[in-house]
Protein chains: 2
Amino acid sequence: MQTRALRSLVKISAVGSFATAADQLNMTLSALSMQIKSLEGELDVNLFDRSVRPPRLTPIGRSIVHEAKALLQREDSLVELCRPSDALVGHFRLGFITTAAVRLLPPFLESAKQSAPHAMFEFETGLSSTLQNKVLTGQLDAAVVTDADGLPGALSATVIGKEPFVFAAHQKLMTDGMSGLLADQTFFHFMPNTGIGKLIAYEMAKHKRRDTAKTVVLDNLEAIMECVTSGIGFTLLPEPDVDRYRTGPVQKVLLPRPLRRTLVLATLREGALAPREAALASLLVGQHS
Amino acid sequence: MQTRALRSLVKISAVGSFATAADQLNMTLSALSMQIKSLEGELDVNLFDRSVRPPRLTPIGRSIVHEAKALLQREDSLVELCRPSDALVGHFRLGFITTAAVRLLPPFLESAKQSAPHAMFEFETGLSSTLQNKVLTGQLDAAVVTDADGLPGALSATVIGKEPFVFAAHQKLMTDGMSGLLADQTFFHFMPNTGIGKLIAYEMAKHKRRDTAKTVVLDNLEAIMECVTSGIGFTLLPEPDVDRYRTGPVQKVLLPRPLRRTLVLATLREGALAPREAALASLLVGQHS
DNA sequence: TGCATAAGTTCAGAGTTCCTGAATTTGGTA
DNA sequence: TACCAAATTCAGGAACTCTGAACTTATGCA
């Protein structure tokens, strides 16, 4: 169906005659007449009572006009979506590494409501490597990941933020300073097999006495910080995560040589989103300390 | 805009490739490709990322698909409206003579909800002659009027019902029978200048003694019946109206020679509604005693 | 890495649709 | 009754759309 014919129909209904409608639509009367006639043929109804002049809408014709208006409004909004604008428009499938999702998502959605009111988002959380693969295969448009292991060449990355790692322990365990912690206390190790876990392991390997003390592996940040807050042991995590979950007198200790992970927004370098990557990233930066 | 192209787009999005979509749409791959390309040109956006094969929807493409589905649903319902069915479909502008509207409208709408769920109605009340003219000039599709003065030849009529006229008075005024009423009591005359009023005048003229007693003219049925119920005087009205408004001990007296008015549904004989007149009328008959 | 294959795109020509302008019909009006 | 304006019909030409073949290119397998 040609929406143009519906537009003609609505116009005729508005002005009340074929002649003036044809005039306003910049077409000949005969073209308009044929257009309506072909529409009537397609729908197999009489839209107009042609026994009078000018032809009058039939009852069903009036209903069709009503429906047509609704349809044309849909068309207008569809076209409007495509109008170039600096606002982000579209349906985006985004990935967030699990550890950052909790912190980044709410403020992201908040600022998206402002800067991209017509955009729609679909989220997925997972490991950095999983998300990278999904971006590569087109299952995701973009993902917030860490660049710890270096990104594949096909991906382009925009830095979202850097998160320094810190030790965290209950004050009462810190009387001997870091050396006491390392020597005697239980270490809570977050997901040793993932990107962030390997970074943590790499750092801990520098601190010799580790092999002698006890290590507990956990895949839940909140649980780790709950244990640390209770004074059961210590951990090594990105500072924002420590800040998010510490509730009691937990002390943070910076590393001798600062270690940090970098969060980046990764997209397919040659993908359709590439020109919009900066706009997307701008919704993410400046949202965490 | 060609809705067919939108249908193709939605199909591609559903099956995930141009080739299988083209197959299912019974068209060649090249035709489909050109269709989408022309749609992209019309909207001036890239719906697909063609750097991969099969091409993938871009974020905005996904949004367009979403909008397109809504639009196509509108189209479907528009086409559905036109499907021949025995139910009454359309937007009808109907007239009801004022005196009958109050009684006929509620049950009419009730049965319309059943028999014509997709029809829309617009109502207008007025004098029989006014409504007839509006039907003649196409301002109304049909009207319930009285055929008292005979209808113009251009109108066709379906009988909706016949309403006998009765005298009505409070019991206490009836002790002398009709002759007492006619001689001494105030007569409430409903709208003497209209069709129904002239019928009433015609009937009253038969009863000689009228000129001597008092007459009150009123254009409100409910008010007349309120006065009659209070015992202030008597009236002559269609029986259903008397029944509707009498609340106290009001007695009805049939006329010596029965007088009645006939309600008909009138439409333009050559109009578009003519074939549906019976269907419309069937929603009106059998609805009053 | 390079080839084979399948998937899309491009192109030219044919078929179809759609529009224009003139001729014709027809409802409303003087 | 005749006229006028409005709508329809018609024929020719312009514009669009489809088909089938040739071409290009991403992907998968050796």
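Just so we're on the same page: letters track the sequence lines, and every chain starts at 1.
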task: Measure across V264(A) and I160(A) and return the closest heavy-atom pair with its distance rounded to 0.1 Å.
output: C-CG1, 3.8 Å
- line: So, with a heavy-atom separation below 4.0 Å from DNA chain C, the residues of residues 12-40 of chain A are T28(A), S30(A), A31(A), M34(A), Q35(A)
- prompt: What are the residues of residues 59-67 of chain A, sorted by number, that bring a heavy atom to within less than 4.0 Å of DNA chain D?
  reply: none
Interatomic distance, [X] [atom1] vs [N] [atom2] [rounded to whole Å]:
| X | N | atom1 | atom2 | result |
| --- | --- | --- | --- | --- |
| L9(B) | dG8(C) | CG | C1' | 16 Å |
| D49(B) | dT9(C) | CG | P | 11 Å |
| E42(A) | dT16(C) | CD | C1' | 15 Å |
| Q2(B) | dT16(C) | CD | C1' | 12 Å |

- request: Could you tell me the separation between the CG atom of L283(A) and the CZ atom of F108(A), rounded to the nearest 0.5 Å?
  value: 5.0 Å
query: When rounded to the nearest 0.5 angstrom, what is the spacing between CG in D141(A) and CD in E277(A)?
result: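 Output value for this atom pair is 11.5 Å.
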statement: Sorted by chain and number, sequence neighbours left out, side chain to side chain contact (heavy atoms under 4.5 Å, CB included) with E42(A) holds for M1(A)
field: For P54(B), all residues meeting side chain to side chain contact (heavy atoms under 4.5 Å, CB included), sequence neighbours excluded
entry: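 Partners of P54(B) under the side chain to side chain contact (heavy atoms under 4.5 Å, CB included) test: S17(B).
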Counterpart residues, salt bridge (Lys or Arg N to Asp or Glu O under 4.0 Å), relative to [X] (two or more places apart):
| X | value |
| --- | --- |
| D219(A) | none |
| R276(A) | none |
| R56(B) | none |

message: For R260(B), I'd like to know if atom CZ has over 12 heavy atoms of other residues, nucleotides or ligands within 6.0 Å.
response: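 Incorrect, the count does not exceed 12.
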query: Could you give the angle between the helix axes at the two ends of the helix from dT1(C)-dA30(D) to dA30(C)-dT1(D), with five pairs per end, rounded to 10 degrees?
result: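 Angle reported: 30°, given to the nearest ten degrees.
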Any protein N or O atoms within reach of nucleotides 27-30 of chain C? Criterion: under 3.5 Å, listing atom names and distances.
residue : atom : partner : partner atom : Å
dG27(C) : O3'  : R53(A)  : N            : 3.4

Once side chain to side chain donor-acceptor pair (under 3.5 Å) is applied, do any residues pair with [X], and if so which ones, sequence neighbours excluded?
| X | result |
| --- | --- |
| K37(A) | none |
| S38(B) | none |
| T99(A) | R261(A) |

Any R4(A) side-chain nitrogen or oxygen under 4.0 Å from OP1 or OP2 of dC19(C): yes
task: Before accepting this row, confirm whether a basic side-chain N of the pair R74(B)/E80(B) lies closer than 4.0 Å to the acidic partner's carboxylate O.
output: no
